[in-house]
Amino acid sequence: MAKKLNMRKRYELLTRGLGWETTYQPKEKVFPQETYEGIKITDWDKWEDPFRLTADAYWKYQAEKDKKLYAVIDSFSQNNGHLNLTNASYINALKVFIQGVSPLEYGAHRGFANLARQFSGEGAQIACQMQSIDELRHVQTQIHTLSHYNKHFSGLHDPFHMHDRAWYLSVPKSYFDDAHSAGPFEFITSISFAFEYILTNLLFVPFMSGAAHNGDMATVTFGFSAQSDESRHMTLGLEIIKFIVEQHEDNLEIVQGWIDKHFWRAYRVLGIVSAMQDYMLPDSPMSWKEAWEIYFVDNCGALFKDLARYGLRMPKFHEQATDEAEHLSHQIYTAFYQFSHAAAFHTEVPTKEKMDWLSEKYPNTFDKYYRPRWEMYAQMEKEGKRYFNMGLPQICQVCQVPMCFTEVSKGKPMDLSYRVSEFNGDKFHTCSDGCKEIFEHEPEKFAHAWLPPHQIFQGNCGGAEIPDVLKYYHFNPEDGGDYKGSTDEASWKAAHGIVDDENSTHEKSA
Ligand code: FE
Ligand code: ZN
């Protein structure tokens, strides 16, 4: 009878000796993307996957997780779980998630499938292939979970189409497109390390505890189901960085440059999360600033102390990101507030309770700079002049965020921050030193970025009027605007028997 093999042995059988040396074609032609970025790999066999997950164990774990998840979302659906949320305005956070994040999961699925093909090392191929399958599962479970909300609320009906076209979604889309259109080593440094290892906790932890705080057990469950994959992905991110740097001394400088670039790019994408966390959750478990302190300043500070022995240092401009922590969510949500007539989610002036919470969490900035602005907007609204910005904003050529950031690091938090570069006789605008450096390093790449406002002006987005553009985005009229007076609010009130009065929509249902 065959002896039962231990896990390590089975892992070796799965991941070693499967490749072959090429004979009738040169190896570079079989793996054409492996060398052009300048990364030198001398021995792929030094690659160790710390998880040593075999295929049979993988399918077993994932099937168990799916069984649990689908049992929860079935019962959530049958019991009309959406009625137990804090408030229907919470759904706006879910809209941002499925429009902005879920398509990135699909992008990661494609990207890792490509890496599994392009890397010639078998251990790395297996790890990338499993991550590719994980990412496909993530996007599927997210769509299945949120489809329940789509039956009752607006803005959730066509997230992938929206992601490809809408102005605010070009922020996450262009980040992933940047990684996809780079070589395989830059892609993995970007997505596995800069995004997943350094910054993913800032997305998932507050989002999932935010869901729990607001009564959304369905979302909590898909979050947990993805989280165990996430720890595997984070380990891949860390291991690949160490592996590349250890393979050849020439690799260090290239990798550090990618860490600098993709940290800044991923951080700019997370500006959307900061707004969601501080403003769109009726009940926020922690502020953006608190999360930044824990997950970036403390955790990543310790990580890079550890990585110093490989010659790696903290990403460039991290000090600026930390300086901005007290301003970021306020600036981004203000942009959302002004432009939500052209978005597929609703915004509103924060409630009194929310403003008090923001004062408490942002003692140095909120009362001084941002509360007066919200009070002005509230006053305008009272006078029947709810403010929507009818112009099109200048956006950053690199991160594609509207120019709403300020010179925080220069001690001038009320001065708009923008930089100008020239390339081939044209002017290009960026939002910060970080984005300017990225532009100037690869101007030929970023010069032809697809910028939504420019495209609208050129007539490439359905027409010249706002309704034409919204149609092109597949936004319905009820998807955008203020939460007050929205169909979401109306159906929430009807389901809970709430009679109109100023504050009642923000009370928890009994
Ligand atoms: Fe994922
Ligand atoms: Zn930028």
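In each ligand, atom 1 is the first atom listed, and ligand 1 is the first ligand listed. Start at 1 with the first residue, then count along the sequence.
- Cys396 contributes SG and Cys435 contributes SG; the angle these two atoms make at the Zn ion (ligand 2) is 110°, rounded to 10°.
- Atom OH of Tyr58 has more than 12 neighbouring heavy atoms from other residues, nucleotides or ligands inside a 6.0 Å radius.
- Within Glu135, the N, O or S atom at minimum distance from the Fe ion (ligand 1) carries the name OE1.
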Taking it one step at a time, do Asp229 and Gln62 satisfy side chain to side chain contact (heavy atoms under 4.5 Å, CB included)?
CA-CA 9 Å; Asp229 298 338; Gln62 301 302 72; 3.1 Å; yes
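- When the Fe ion (ligand 1) is compared with the N/O/S atoms of Glu105, atom OE1 turns out nearest.
- In this structure, the side chain of Asp479 engages the main chain of Gly155 through a donor-acceptor pair within 3.5 Å.
- In the model, Lys427 has no side-chain atom that pairs as donor or acceptor with a side-chain atom of Ser421 under 3.5 Å.
- Residue side and main chain included, His138 places an N/O/S atom under 2.8 Å of the Fe ion (ligand 1).
- Residue contacts to the Fe ion (ligand 1): Asp229 brings no N, O or S atom closer than 2.8 Å.
- Side-chain polar atoms of Glu105 and Gln142 form a donor-acceptor pair below 3.5 angstrom.
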